[in-house]
Amino acid sequence: MTRRRISVGALAAALLTAVLTTLFTAMLAAPARADVDPAQAVSALENDRLYVAPDASGVLSPRAESQVRNALQESDSPIYAAVVPAMTESEIDDFGEAIIKGLEKDGTYVILTADGNLRANSNVLDDGVDNEIAERAASDNEGDAAGALRDFVTLTNEAADNGGSLPNTAGTTALLAVLALLFVGGFGLFAFTRQRRRKREAEELAQARVVAEEDVVRLGEDVARLDLDVRDADLDPDARRDYTHALDSYDAAKTALAAAHRPADLRHVTTALEDGRYAMTCVRSRLDGQPVPERRAPCFFNPQHGPSVTDTYWAPAGGAPRQVPVCAADSERLANGEDPEARQVLVGGVRRPYWEGGRAYAPWAGGYYGGYGMADMFTGLLIGSALSHMMFGGWGYGGFDTGGDAGGGDFGGGGFDFGGGDFGGGGFGDFGGGDF
């Protein structure tokens, strides 16, 4: 009998021990209920937008707490923040509701718990925006409580400025992506166009440089034939001055030719050649005892002929007759029904008049004729080529405006474009969301 009572008592003791152990373990596992007085928080938030509960003083460092407080004070949209110990969700909800009811101020309320929950409620933002802001601030600052609160303030202000909702960052990102693609594409097109233009300019420069070199050599030979000694005391002073001028212009043409890197640079060569050839013509007139000739545009058919002496009607094949400046020899040829002695250039292996040579010769021609009002003289001249555009489109003193890429055809067909191109009520949300 005694033995049976001992067994029952032992069994009861074992059961009691198991129950107590289970209860103790559950108490350890369950979060301790926070002892935070909402009235104390409301009293603090009346004069300060940040409340830190005494039991949560270690959540923010003194420096971080100061930064968060400054961000809240400087916020245009009213934001009230409370940092509290760890709480259950129901405790957070009750605490938050008590703050809103006690403070009675419109704004956005945010609670940060010691275990990392960030929950919000707002009566000034659109529904659900407070949760979205809390989730974004928390996810972007995992492990950084102060950073999460500062970002919460920033995002809340952005939403308030946007009428209560967050800006459409997806749309902005898409727009930036499109702009980036346009920039990359535009840069690629620009690089391709520039490369193509440089290649074409190199080809045109090589083509027209040959003609310019021939003109420079020809002027040098013509000046040399004068065979004058500027130190000769018997030489007419005016003839000496013009001869020196011709030599200087010849040197200037050689220098400009050596420095030419683009077709447009050749106009400086031919401008110097035109000036030197007129000076040489003046020297000859003075040596022959003749009056100095009027300064006129070079002979249209060949600028090597020197200044023109008259204007003569002339019509190319298929073109309307127009007056062109011609030298005495070409004027006589035309009067006799003969072809003028045209300046020939190499085009596709064939020698042709320069006005049929293509746009590569536009700057070369511009240096010769640009300063003589050719726009008026050649108005309406149509040669079935770019010559009409060459003569009365975009000319200023010194030649063509070739700042851009000539667009269109060439002297033998098409047209030039000198200067154109070739070319209220949501809920508090923790890191995973949630309602207040």
Side-chain angles (χ1 to χ4, degrees), residues 205-261 263 265-310 325-333 340-346 351-355 357 360-361 363-372 398-399:
L205 176 62
Q207 183 179 359
R209 181 189 287 274
V210 174
V211 178
E213 288 176 347
E214 293 175 355
D215 287 356
V216 170
V217 172
R218 178 68 177 272
L219 176 63
E221 293 173 348
D222 289 347
V223 172
R225 290 190 186 97
L226 294 175
D227 192 22
L228 296 180
D229 183 0
V230 294
R231 296 169 297 181
D232 187 353
D234 295 333
L235 183 64
D236 180 79
D238 292 332
R240 180 186 296 109
R241 183 190 65 244
D242 290 337
Y243 182 71
T244 302
H245 191 161
L247 290 173
D248 291 342
S249 296
Y250 169 67
D251 290 337
K254 290 192 299 181
T255 300
L257 181 62
H261 297 293
D265 297 336
L266 294 181
R267 69 177 182 177
H268 303 300
V269 179
T270 51
T271 296
L273 291 175
E274 184 276 330
D275 188 52
R277 192 159 289 281
Y278 174 72
M280 189 190 67
T281 302
C282 291
V283 173
R284 285 176 175 169
S285 297
R286 296 183 191 280
L287 293 178
D288 294 340
Q290 300 294 325
V292 173
E294 174 190 4
R295 184 157 188 171
R296 291 173 50 92
C299 175
F300 169 77
F301 298 107
N302 190 343
Q304 290 181 355
H305 295 171
S308 60
V309 296
T310 186
V326 295
C327 64
D330 280 333
S331 177
E332 183 177 353
R333 293 188 184 94
E341 189 180 283
R343 178 72 167 94
Q344 302 289 311
V345 298
L346 195 62
R351 305 288 290 187
R352 299 172 61 180
Y354 75 86
W355 55 84
Y361 299 99
W364 170 87
Y368 278 123
Y369 303 104
Y372 289 96

Shortest non-hydrogen separation from [X] to [Y] and the atoms involved:
X	Y	result
Ala328	Val309	N-CG2, 3.4 Å
Pro263	Pro363	O-CB, 3.1 Å
Ser331	Thr310	OG-CG2, 3.8 Å
Tyr354	Ala365	CE1-CB, 4.4 Å
Pro293	Tyr278	O-OH, 2.9 Å
Tyr361	Gln207	OH-CG, 3.2 Å

To the nearest 0.5 Å, what is the distance between [atom1] on [X] and [atom2] on [Y]?
X	Y	atom1	atom2	result
Arg284	Asp222	CZ	CG	5.5 Å
Arg240	Asp234	CZ	CG	9.5 Å
Cys282	Asp238	SG	CG	10.0 Å
Thr270	Leu219	OG1	CG	12.0 Å

Please confirm whether the backbone N or O of [Y] pairs with a side-chain atom of [X], one donor and one acceptor, at under 3.5 Å?
X	Y	result
Asp265	Ala256	no
Arg267	Gly366	no
Tyr369	Cys299	yes

So, do [X] and [Y] sit near enough that their side-chain heavy atoms are less than 4.5 Å apart?
X	Y	result
Leu287	Leu235	yes
Tyr243	Val223	yes
Arg351	Leu346	yes
Pro298	Arg277	no

Results of side-chain contact (heavy atoms from CB on, under 4.5 Å) for Asp275 - residues two or more places apart only: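 Result, side-chain contact (heavy atoms from CB on, under 4.5 Å) vs Asp275: His245, Ser249, Arg295.
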
Scan the side chains in residues 208-216 for donor-acceptor partners under 3.5 Å anywhere in the protein, sequence neighbours excluded, and list what turns up.
from	atom 1	to	atom 2	distance (Å)
Arg209	NH1	Leu257	O	2.9
Arg209	NH2	Ala260	O	2.8
Glu214	OE1	Arg343	NH1	3.3
Glu214	OE1	Arg343	NH2	3.0
Asp215	OD1	Gln304	NE2	2.6
Asp215	OD1	Arg343	NE	3.3
Asp215	OD1	Arg343	NH2	2.8
Asp215	OD2	Trp364	NE1	3.0
Asp215	OD2	Tyr368	OH	2.8

(message) Run the side-chain contact (heavy atoms from CB on, under 4.5 Å) test on Arg241 and Arg286 for me, step by step, so that the C-alpha distance in whole Å, both residues' side-chain angles and the decisive distance to 0.1 Å come before the verdict.
(response) CA-CA 11 Å; Arg241 183 190 65 244; Arg286 296 183 191 280; 3.5 Å; yes

